Amino acid sequence: KFWPLIISRRVDGDYVLDGQHRLHAVRDILNWRDENVPCEVYSGLTPEMEAKLYTTQAADGRKPITPLERLHADVVRGEQEAQGLMITVKRAGLAFDWTNGKGDGTLRAATQMRRLYKSIGPALLLETLSLLRDTWGLSSNVYQEGMVTGMAAFLVRYKDDPMYTRAEFVRKLEKFSFDEVL
């Protein structure tokens with residue numbers, strides 16, 4: 001079944017909320033130029049309304065939304081926990097990779113980041129991300145789910161230990177490559 005494209009008609013032009021891959025397929029693969037494609041067109045939506053429409057489409061069987069897409073929509077909708085997570089990530093000098101480009105300083109593990117934000121809180125998550133950044137830099141590989149979870153577990157256990165000092169820990173970790181530690 002070919003689900004209709006979902007279009008938001010904005011002042012600055014039309015925006016495809018859902019169906020970018022289908023649009024690409026009919027234009028570039030099927031080479032359609034003048035053929036009609038089914039669309040649902042909405043006008044006057046706010047970004048919050050667009051985000052809600054996007055997240056509810058999974059309920060009607062259109063497509064499952066990835067955890068990263070859900071997080072992005074929740075941020076746009078103003079969901080407090082999602083916005084708090086975004087602030088924490090930004091304070092660490094990082095960002096979520098909304099475009100799947102795997103650029104430096106980007107995170108993709110949305111589900112795990114949300115879980116950690118809830119379980120250890122923003123301060124310890126910020127310390128975890130900052131510790132990884134200060135040790136191995138901004139390569140997106142550093143912020144894999146397993147590494148972030150492991151570093152968070154270490155900090156939960158040892159952050160109050162008198163033998164632990166952040167500077168010494170970073171100095172010791174820097175002796176190893178990221179892959180060796182992983």
Side-chain angles (χ1 to χ4, degrees), residues 15-21 23-24 28 47-48 50-52 54-55 57-58 62-182:
Y15 178 76
V16 180
L17 291 178
D18 180 50
Q20 294 89 344
H21 292 106
L23 182 60
H24 168 74
D28 299 340
E48 294 81 10
E50 288 178 350
K52 181 145 181 75
Y54 181 77
T55 57
Q57 68 187 320
R62 287 178 193 265
K63 77 173 205 179
I65 309 173
T66 68
L68 194 60
E69 291 169 330
R70 167 114 16 227
L71 175 62
H72 188 259
D74 288 348
V75 168
V76 172
R77 280 189 312 110
E79 196 267 323
Q80 189 174 8
E81 182 181 283
Q83 289 188 334
L85 175 57
M86 289 296 300
I87 291 167
T88 301
V89 168
K90 188 175 181 178
R91 285 182 179 157
L94 304 168
F96 279 98
D97 181 7
W98 307 124
T99 63
N100 199 17
K102 298 180 182 176
D104 286 347
T106 60
L107 306 169
R108 296 203 42 79
T111 300
Q112 186 60 18
M113 291 298 112
R114 284 184 119 155
R115 196 174 296 131
L116 285 170
Y117 184 84
K118 286 180 192 177
S119 65
I120 66 175
L124 198 52
L125 180 57
L126 174 60
E127 175 59 20
T128 301
L129 296 173
S130 298
L131 184 64
L132 289 168
R133 182 202 62 224
D134 293 349
T135 303
W136 291 295
L138 295 175
S139 170
S140 62
N141 290 338
V142 171
Y143 305 98
Q144 295 176 35
E145 181 177 334
M147 181 57 82
V148 176
T149 302
M151 192 61 69
F154 175 87
L155 289 173
V156 165
R157 183 167 182 182
Y158 294 107
K159 69 179 170 47
D160 295 326
D161 187 310
M163 297 295 290
Y164 169 78
T165 65
R166 186 182 194 285
E168 181 65 14
F169 188 53
V170 168
R171 190 183 65 70
K172 287 181 179 183
L173 283 175
E174 287 175 329
K175 292 179 183 179
F176 302 95
S177 73
F178 167 76
D179 290 329
E180 288 174 314
V181 173
L182 186 62

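Quick caveat, the model's predicted, so the values are computed rather than measured.
Residues F169 and Y158 keep their aromatic ring centres 6.0 Å or farther apart.
In this structure, V181 and W136 have side chains that are in contact, with non-hydrogen atoms separated by less than 4.5 Å. Between Y164 and F154, the closest side-chain pair of non-hydrogen atoms falls below 4.5 Å. Side-chain contact between T128 and L116 is absent, with no heavy atoms from C-beta onward closer than 4.5 Å. Contact of the V156 side chain with the I120 side chain is registered, since non-hydrogen atoms from C-beta on lie closer than 4.5 Å. In this structure, H72 and V75 have side chains that are not in contact, with every pair of non-hydrogen atoms separated by 4.5 Å or more. Residues F96 and L71 meet the side-chain proximity criterion, which asks for heavy atoms closer than 4.5 Å.
Checking each of Q80, K90, M113 against L85 for a side chain to side chain contact (heavy atoms under 4.5 Å, CB included) leaves exactly one that passes, namely M113.
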Requested in this report: Quick one: do L107 and D97 satisfy side-chain contact (heavy atoms from CB on, under 4.5 Å)? Show the steps, please.
Outcome: CA-CA 6 Å; L107 306 169; D97 181 7; over 6 Å; no

Requested in this report: Given side-chain contact (heavy atoms from CB on, under 4.5 Å), test E50 with E48 step by step and report yes or no.
Outcome: CA-CA 5 Å; E50 288 178 350; E48 294 81 10; over 6 Å; no

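Panel note: side chain E69, backbone T66; a donor-acceptor pair is recorded below 3.5 Å.
A salt bridge links E79 with R114: the closest approach of a Lys/Arg side-chain nitrogen to an acidic carboxylate oxygen falls below 4.0 angstrom. Classification of R133 and D104 as a salt-bridged pair fails, no side-chain N sitting under 4.0 Å from a carboxylate O. A salt bridge links R171 with E168: the closest approach of a Lys/Arg side-chain nitrogen to an acidic carboxylate oxygen falls below 4.0 angstrom. A salt bridge links E127 with R166: at least one charged nitrogen is closer than 4.0 Å to a carboxylate oxygen.
Note that CG of D134 and CD of E174 are 8.5 Å apart. Values are rounded to the nearest 0.5 Å. Rounding to the nearest 0.5 Å gives a distance of 12.0 Å between CG of L155 and CG of D161.
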